[in-house]
Amino acid sequence: MSGFEMGMALADVLSATILFAVPLLLVAMGGMFSERSGVINIALEGIMIVGALFGCLMLRWLDPAVTAGTLNSFIAMLVAILFAAVTGAAFSMLLAFASINLKADQTIGGTALNMLAPAFAIVLTWVIQGQGQTTILIPTWSRITAASLGITPNSSSILQKFLFSNLYMTTILTVILFAVAVILLYKTKFGLRLRACGEHPQAADSVGINVYRMRYSGVFISGILGGIGGLAFTLAAGSGFQSSVAGYGFLALAVMIFGNWKPWSILGAALFFSFFKVIGAYASSLPFIPTVRLEGVSTYFWPMLPYLITMVLLILTSKKSRAPKAEGIPYDKGSR
Amino acid sequence: MKKGLVSALSSIVSILIGTLFGLILLIAVNSGEAFTSFGKLLSSGVSTLPKLAKVFYQAAPLLMCGLSVGFAFKTGLFNIGASGQYTVGAFAALFGAIVLQLPWYICLILAMIMGAIWGFFPGLFKALFNVNEVITSIMLNWIGLFAVNLLCMNIPKMLPPFWVSSPIKDRTAALSYANPGAIIPKLGLDKVFDSPYINISIIIAILIAILMWVLINKTTKGYELRACGYNRFASIYAGINAKSNIVLSMVIAGALAGIGGGLYYLAGTADYNIQKALLGMGFNGIAVALLGSSNPIGIIFSSLFISYIQVGGEALQPIYAKEMIDIIIAVIIYLSAFSLFTRNLLTKWFKFDRHSGNVNDDPIPPVVPTDTEKKEITIAPDAAVNESEVKA
């Protein structure tokens with residue numbers, strides 16, 4: 001394999017890694033906001049599905065009015081992302097209501113929402129597309145190509161391969177959202193108060209912070225990020241929306257824990273996970289991966305690895321792992 | 001007794017609201033067919049003997065998964081890994097049956113052992129390293145599924161082409177030709193119910209449920225396990241080894257789910273389908289456990305109910321997607337998540353003994369995944385709350 005081919009393969013792997021890291025990063029950041037405010041958000045998987053469902057539906061509705069590569073394709077994409085964010089946030093309010101107002105068990109409420117979302121998605125897809133039509137196809141204009149930005153496509157440019165083989169609006173937005181999230185969490189009064197509510201809500205309450213409102217905000221942000229993450233995952237997966245996000249919500253939870261509830265570590269963890277996912281998909285074509293003579297290696301063995309490795313890493317880093325102190329405990333003003 | 005009544009009532013309230021929600025959904029989707037379909041949904045399970053047989057057939061593994069989740073709840077753990085334990089249990093049973101040509105009861109024991117192993121890991125990691133069992137169980141669900149699929153695909157004897165001339169490679173070989181001796185006996189029930197689905201699995205499951213009830217409520221070990229669930233620190237203070245009890249309760253929970261997988265796939269009517277999605281049985285076990293208030297006897301009834309509406313759900317097709325039922329079940333779990341609230345409300349309305357709805361009597365202790373046993377208070381620098389900023 002020549003240096004050029006190697007470079008192209010590397011560009012391919014890296015761009016795919018970023019593509020799959022985007023949903024993980026968004027959703028894990030969402031989980032972080034929720035848990036930092038004190039609410040365990042196991043419903044991320046369900047929130048992703050709801051966001052992906054409505055985002056894809058919006059793309060489908062807008063499809064006839066859009067010409068690929070023009071300004072309105074970017075606007076349409078932004079509308080779909082916004083719709084995914086709003087619906088994800090609305091769905092997450094079900095979790096917030098149960099766990100904050102009714103003081104329900106947060107893990108169980110989340111599990112219920114995880115069951116609800118895919119079933120709801122299937123039913124709604126049937127209603128909209130007709131019986132048995134379970135896939136919502138994604139229009140091709142959702143991908144940003146070199147041509148749509150007015151750059152001459154050059155198939156022999158490694159840089160272009162890296163930039164444009166998997167570029168979506170969600171990727172660009174994620175960079176912005178990540179920066180905003182870091183600032184929001186660490187540099188604003190809101191972020192400080194949110195973190196206080198996840199550590200010691202009684203103390204926060206005693207200085208006049210509305211714990212319920214803070215926790216609602218935390219879950220709401222996780223809904224926004226989870227919804228966009230769901231759409232980003234469906235774009236990355238590439239085969240249309242099939243009422244599932246293939247366990248990415250749970251993987252994002254692991255990323256969040258592995259990232260120790262901190263944005264920069266979560267970024268690293270998301271890239272790490274995504275890299276393994278991509279390596280699996282490219283394993284047969286990469287020269288430095290030993291070939292394994294087994295059936296179904298690419299579908300079952302490689303996808304299993306991130307889970308195995310995380311588990312080992314969670315055990316190894318368990319001493320350092322530090323969850324928000326008050327997460328999972330419903331806030332009760334009367335308790336001591 | 002009153003406590004049991006209140007939790008049964010609160011489950012019934014959840015069921016009623018959930019089913020009503022289902023009806024509204026049916027009307028919203030297709031109003032013309034809604035009421036006849038709703039009637040079918042509610043009556044299908046008892047409409048004919050074969051349908052009733054199917055209710056019992058599906059209730060057995062559900063009951064086992066429900067017991068698995070419910071038992072873990074009783075001991076303060078959330079076993080979301082029932083799905084994975086069920087899957088590896090199913091694989092162990094089928095491996096024993098097809099490859100090792102063992103009789104059904106040995107296969108069930110293999111399923112139990114494999115499920116127990118899958119439960120052992122989250123328990124061990126929780127006890128030794130304080131890693132949240134929910135997250136490890138979720139990981140093990142996927143690891144189990146992928147590992148089982150990988151094994152099934154690479155053991156030629158597991159697949160139909162080894163036994164009969166068949167191009168099918170995405171499911172395991174049927175027991176009817178691979179090893180009829182591994183099929184759970186039907187004891188003539190198939191003739192009574194006029195259905196190939198029924199066998200003694202539901203009886204086995206109910207017996208295990210009764211056994212679990214005795215274990216939890218009538219033995220010292222059961223008391224210890226429950227004590228750890230209510231308050232781990234108090235039980236450590238009382239001299240109970242909380243760590244070994246965490247491991248033990250996850251092992252038992254895993255074994256129960258594993259048996260469930262064995263019971264379902266040794267019936268000889270379903271082959272393991274190699275697919276990429278987690279099996280729903282374990283997650284439905286969560287619903288079963290919550291509806292049954294984690295009480296083994298309650299779980300017997302709730303598993304029959306969930307199985308009943310699932311059979312009803314099949315009658316909804318093809319006008320409606322059968323996932324309608326999943327929505328109803330999800331709504332029911334959502335409602336039972338705040339069972340405490342419902343229970344307090346019921347207690348107020350019916351003027352039961354006030355203490356019966358008390359927080360301390362809640363059979364499901366809140367899952368607090370990150371409580372450190374050492375109670376070290378370490379605050380990471382970024383989490384330290386700056387006082388001046390809070391005041392501002």
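To find a chain, count down the sequence lines: A is the first, B the second, and so on, and within it residues start at 1.
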Interface moiety of Ile80(B) toward chain A, non-hydrogen atoms closer than 4.5 Å: side chain
Most contacts with chain B, counted as non-hydrogen pairs under 4.5 angstrom, among Leu308(A), Leu124(A), Val127(A): Leu308(A)
Distance-minimising heavy-atom pair for Met304(A) and Ile143(B): SD-O, 3.5 Å
Per-residue contact mode, Leu316(A) against chain B (heavy atom under 4.5 angstrom): neither
Interface moiety of Leu128(B) toward chain A, non-hydrogen atoms closer than 4.5 Å: neither
Residue Lys169(B) versus chain A: region with a heavy atom under 4.5 Å: side chain
Interface residue of largest heavy-atom contact number with chain A, from Phe129(B), Phe121(B), Phe283(B), under 4.5 Å: Phe129(B)
Region of Ile327(B) that comes under 4.5 Å of a non-hydrogen atom in chain A: both
Part of Tyr320(B) within contact of chain A (heavy atom distance under 4.5 Å): backbone
Any donor-acceptor pair under 3.5 Å from Tyr334(B) side chain to Leu116(A) backbone: no
Residue part contacting chain B, namely of Leu305(A), when any heavy atom lies under 4.5 Å: neither
Heavy atoms of other groups near Phe120(B) CZ, more than 12 under 6.0 Å: no
Heavy-atom closest contact (Phe125(B) atom, Met311(A) atom, distance): CE1-CE, 4.0 Å
Proximity breakdown for Ala147(B) and chain A, heavy-atom pairs closer than 4.5 Å: both
